[in-house]
Amino acid sequence: MSCLIKTSISPTASALLRVAAESSMLKTQNCGIASYIHGGQYMHAEVVRKKGKNLLSDPIFNKGLAFPPAERDRLGIRGLIPTSLLSVEEQERVIMEEYELGWA
């Protein structure tokens, strides 16, 4: 059974997602909540079945170092990725600098 929910983040939606994350439904179905960043702001949140290594191997949900600490805990990826935080835009800048230097 799939447990996928898309919603725009508003204060009300954020509160609902927090409640959903704590509910027994997500715990028994082994789901987590992943958020998407666009233009430096959280735009969507999704309840996903994947956690840990499975989430990191999926390019749709993997944000590299852009996972905030609370999201790392919720998704079970703390310790699987480095502790440093870089936004998606910062990661893009680093990759493009390496590409321009011929390292990538």
Notebook entry, point to check: Can you tell me how far CZ of Phe67 sits from CG of Asn62, rounded to the nearest 0.5 angstrom?
Noted result: 5.0 Å
Check: Are Arg93 and Glu97 ion-paired here, with the side-chain N under 4.0 Å from a carboxylate O?
Finding: yes
Note to self: Please evaluate residues Leu55 and Leu75 with respect to the criterion side chain to side chain contact (heavy atoms under 4.5 Å, CB included), reporting the C-alpha separation (whole Å), side-chain torsions for both, the decisive distance (0.1 Å), and the verdict.
What the structure shows: CA-CA 8 Å; Leu55 179 105; Leu75 297 172; 3.9 Å; yes
Note to self: So, taking the atom named CG in Leu101 and the one named CE in Met96, what distance separates them when rounded to the nearest 0.5 Å?
What the structure shows: 11.0 Å
Notebook entry, point to check: Taking side chain as C-beta onward, heavy atoms only, is Arg78 less than 4.5 Å from Pro69?
Noted result: yes
Notebook entry, point to check: If you take all heavy atoms of Leu65 and Pro82, which pair is closest and at what distance?
Noted result: CD2-CD, 3.7 Å
Checklist line | For the student: nearest non-hydrogen atoms of Pro68 and Leu85, plus distance | finding: CA-CD2, 4.3 Å
Checklist line | Polar side-chain atom of Arg72 near backbone of Ile77 as donor-acceptor pair, under 3.5 Å | finding: no
Notebook entry, point to check: Quick one: does Lys63's side chain get under 4.5 Å of Gln91's, heavy atoms only?
Noted result: no
Next item on the list: Say whether Ile60 and Leu80 are linked into one hydrophobic cluster, either directly or through other cluster members, by side-chain heavy-atom distances under 4.5 angstrom.
Entry: yes
